[in-house]
Number of protein chains: 2
Amino acid sequence: MPGLDPSLIADLPSFSGLERRELETLLGYAQPLRFSEGATVFAQGDEAESFYVLLDGHIRVVRSTPEGQQVIVRYISVGELFGIAAALGRSTYPASAVAAAECVALAWPNAKWDELTARFPSLGANTYKTVGGRLQDAHTRVVEMSTEQVEQRVAHALLRLVKQTGRKTAEGVEIDFPITRQDIAEMTGATLHTVSRVLQAWEKDGIVRGGRKRVVVISPHRLLLKAEARKES
Amino acid sequence: MPGLDPSLIADLPSFSGLERRELETLLGYAQPLRFSEGATVFAQGDEAESFYVLLDGHIRVVRSTPEGQQVIVRYISVGELFGIAAALGRSTYPASAVAAAECVALAWPNAKWDELTARFPSLGANTYKTVGGRLQDAHTRVVEMSTEQVEQRVAHALLRLVKQTGRKTAEGVEIDFPITRQDIAEMTGATLHTVSRVLQAWEKDGIVRGGRKRVVVISPHRLLLKAEARKES
DNA sequence: CGAGAAATTGAAAAGATTCAACTCTCGTGG
DNA sequence: CCACGAGAGTTGAATCTTTTCAATTTCTCG
C-alpha cells in the first residue's frame, strides 16, 4: 500500500512547521474516509475515538438540547480540524458532526493523540491556537446573541459564511453548500419563519437572492450595513 | 527578598504535576498584585502584557460592543487563570477584567509564556485543558441563549454562580460577591428590568431572596426546576 | 441625614414566535 | 416524460415575551 500523499495536508495551518518526513509518518496513522451529504461522522455523547481533518466538503457541528432542539455550533471548512475532544481533555464528543455536503476527511485514533503531540510539538501548538480561536468565536457569538436582534444576527452569520466558504458567481457570492432556512435559524437562535421573512425582505432590496437550499449574497457591502445597523432601515 | 510561598499555588489545578522546586522557580517570575473592588486589571484591546492567576476575590470578564453594551463573558474564581491571551495566540486582550470584589492575583509576563511552558510542560497541558473547558462552557451558553427564555437563562446563570462561588448561610446559598441585577442581565442577555421581575417573582415563591447587590438562593432544587422548565409554572 | 446608586413596577410598544394554510421545487417512479 | 409527493419556503394573523419608557421607592455609604 503506497501511503497517502503528504501534499494532501502539507499546506494546512494545522500541520505547518512539520517536515515532509514527519507528515508522512503522521499520514501513516491516518485513515481516509468519505461521507455523503447528511451522513453523521460522529454523534454527540459518543465515545470519542478519533479526531479528524477535513480534506473536502463541509461539516456541520451540531449540539442538541435534551428537548431535541438543535443548535449549529459552527461549520468546518476544508483544512480545519474537528472532533478534537482529546485535545480538550474530553472522552466523549460534546456535539455531533454531520456532512453538509459530500465530504472527504482523514481520521486519526484518539489513542495516538498524546504520542503524536509529543513527537510533533508544533501539531499541539497549532491545535491549541485553533482552539483559542474557536473560543474567541464562541464568545463573539455569545455577545451577538446578547446584544443584537435577529436581522443583525442573520446578517452576521451570512457574512461569516461568505468569508469562510463563499464562491464567486456572476451574480454575487454564493454559499458553497446546500443550506436551508432552518439551518440559518439554528445558527442564529431564531425560527425558520423569521429567517424566511428577513431573507425575503433582503431579496426585495436586492441584497441577497434565495432559492431552495441556496443563498447568494449579491451585495456583501449592504449586508454589512444590515449587520451593523443600530436600528432603522 | 524572601520569595513567595509555593503553598500559595501548590493545590491549584493549573499547577498540578509540578514539583515544589518548580513552583518556586515559577513564583520567582510572578508579581503579586492587589485590586480593589471595581478596579480594572486589564482592558479589552490592551496590549497583552501578563497572564494571571487569581488568589483571592472574584474577577468579572467583560466584552464590550462598539455601541457600548457590555456582556459578562465569565466570572473567574480563586485558583483560575485569566488573561491568558498568550496561550490563545493573541497579542491583545479580547475582553476586560474587572475586580468584582477585593482581589489578589499573581501576574507573569507574557514574554515568559513560551519559556515557562517549555520548561514545565504540565503547565501548558493544564492550561489547555482549562481552555478546552471554557470552550465547552461558551458553547453551552450559546445553546442556552438560542433555546431558552430569559427566566430559564437567569436560573441557569444563578445555579452556575451558586456552584462556582456559593457560600452557605443560615438561609440558603449566597453568591459570594456583590452582584447587581444589571450584572445578571449582562450575563444572560436580558435587561435589568426583566431580571428584576423574574427575581421578584421567585422571591414571592420563596426560591431566592434579593437585596441590594445581593442574591441568596434559598432553594437550589426549585431553582433547578425553573431552569429546566419547558414552559409552565 | 442626604444623595446617588440600585431596585421595583406599571403601561405601552416592539420584535419574534406560533399556528395555520398555502405554494413552490425537485427528484423519483410509474 | 410527466405526475406526484415530500421537503423547503412563504406568508398572514394572533399571541406572547421582552423591551422600552417613565416614575417611584429603597437602600446604603459617606
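A note on names: the letters A, B, ... follow the listed sequences, proteins ahead of strands, and every chain is numbered from 1.
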Output the rounded distance in Å from [atom1] ([X]) to [atom2] ([N]).
X	N	atom1	atom2	result
B:K213	D:dC29	NZ	C1'	10 Å
B:E37	C:dA5	CD	P	15 Å
B:L192	D:dT26	CG	P	18 Å
A:Q182	D:dG7	CD	C1'	12 Å
A:R212	C:dT23	CZ	P	17 Å
A:I184	D:dT10	CD1	C1'	14 Å
B:K204	C:dA7	NZ	C1'	13 Å
A:R214	C:dC26	CZ	C1'	13 Å

Practice problem: Apply the test side-chain hydrogen bond (donor to acceptor under 3.5 Å, both in side chains) to residues B:D137 and B:T140: give CA-CA distance (whole Å), side-chain angles for both, the deciding distance (0.1 Å), then the verdict. | Solution: CA-CA 5 Å; B:D137 291 348; B:T140 299; 5.3 Å; no
Quiz item: C:dG15 base to A:R197 side chain: any donor-acceptor pair below 3.5 Å?
Solution: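 In this structure, the two groups form no donor-acceptor pair.
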Quiz prompt | Donor-acceptor pair present, B:H193 side chain and D:dT18 base, under 3.5 Å | solution =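 Check fails, no donor-acceptor contact within cut-off.
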Ignoring the backbone of [X], work out which of [options] is nearest its side chain.
X	options	result
B:T191	C:dC19, D:dT19, C:dA16	D:dT19
B:Q149	C:dG15, D:dT18, C:dT18	D:dT18
B:S196	C:dA16, C:dA7, D:dT18	C:dA7
A:Q200	C:dT9, D:dT17, D:dT10	D:dT10

Exercise. Please assess A:Q164 against A:S77 for the test side-chain hydrogen bond (donor to acceptor under 3.5 Å, both in side chains), listing each intermediate value before the final yes or no.
Key: CA-CA 7 Å; A:Q164 205 186 339; A:S77 325; 2.8 Å; yes
Taking any heavy-atom pair under 4.0 Å as a contact, classify [X]: base, sugar-phosphate, or nothing.
X	value
B:T180	sugar-phosphate
A:R181	sugar-phosphate
B:G211	sugar-phosphate

Exercise. Can you see which heavy atom on B:A43 is nearest to which on B:Y93, and at what distance?
Key: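 Minimum heavy-atom separation between B:A43 and B:Y93: O-CB, 4.0 Å.
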Exercise. Grab the two heavy atoms, one from B:L158 and one from B:W202, that are nearest each other, plus how far apart they are.
Key: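 Looking at all heavy atoms of both residues, the closest pair is CD1-CZ3, 3.9 Å.
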Quiz item: Angle, rounded to 10°, between the helical axes spanning five pairs at each terminus of the helix from C:dC1-D:dG30 to C:dG30-D:dC1?
Solution: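 Result, rounded to 10 degrees: 40°.
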Quiz item: B:T92 and B:R90: side-chain donor and acceptor closer than 3.5 Å?
Solution: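 Yes, a side-chain donor-acceptor pair sits under 3.5 Å.
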Quiz item: Is it true that B:E174 and B:R167 have a side-chain N and a carboxylate O under 4.0 angstrom from each other?
Solution: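 Salt bridge between B:E174 and B:R167, a charged N being under 4.0 Å from a carboxylate O: yes.
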Quiz item: Atom CG in B:D176, atom OH in B:Y75: separation rounded to 0.5 Å?
Solution: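 So the CG of B:D176 and the OH of B:Y75 are separated by 12.5 Å.
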Self-check item: CZ-OG1 distance between B:R141 and B:T188, expressed to the nearest 0.5 angstrom
Solution: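 It is 8.5 Å, given to the nearest 0.5 Å.
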Quiz item: Starting at the 5' end of DNA chain D, which residue's closest nucleotide do you reach first, A:T194 or B:G189?
Solution: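 Whichever sits nearer the 5' end wins; that is A:T194.
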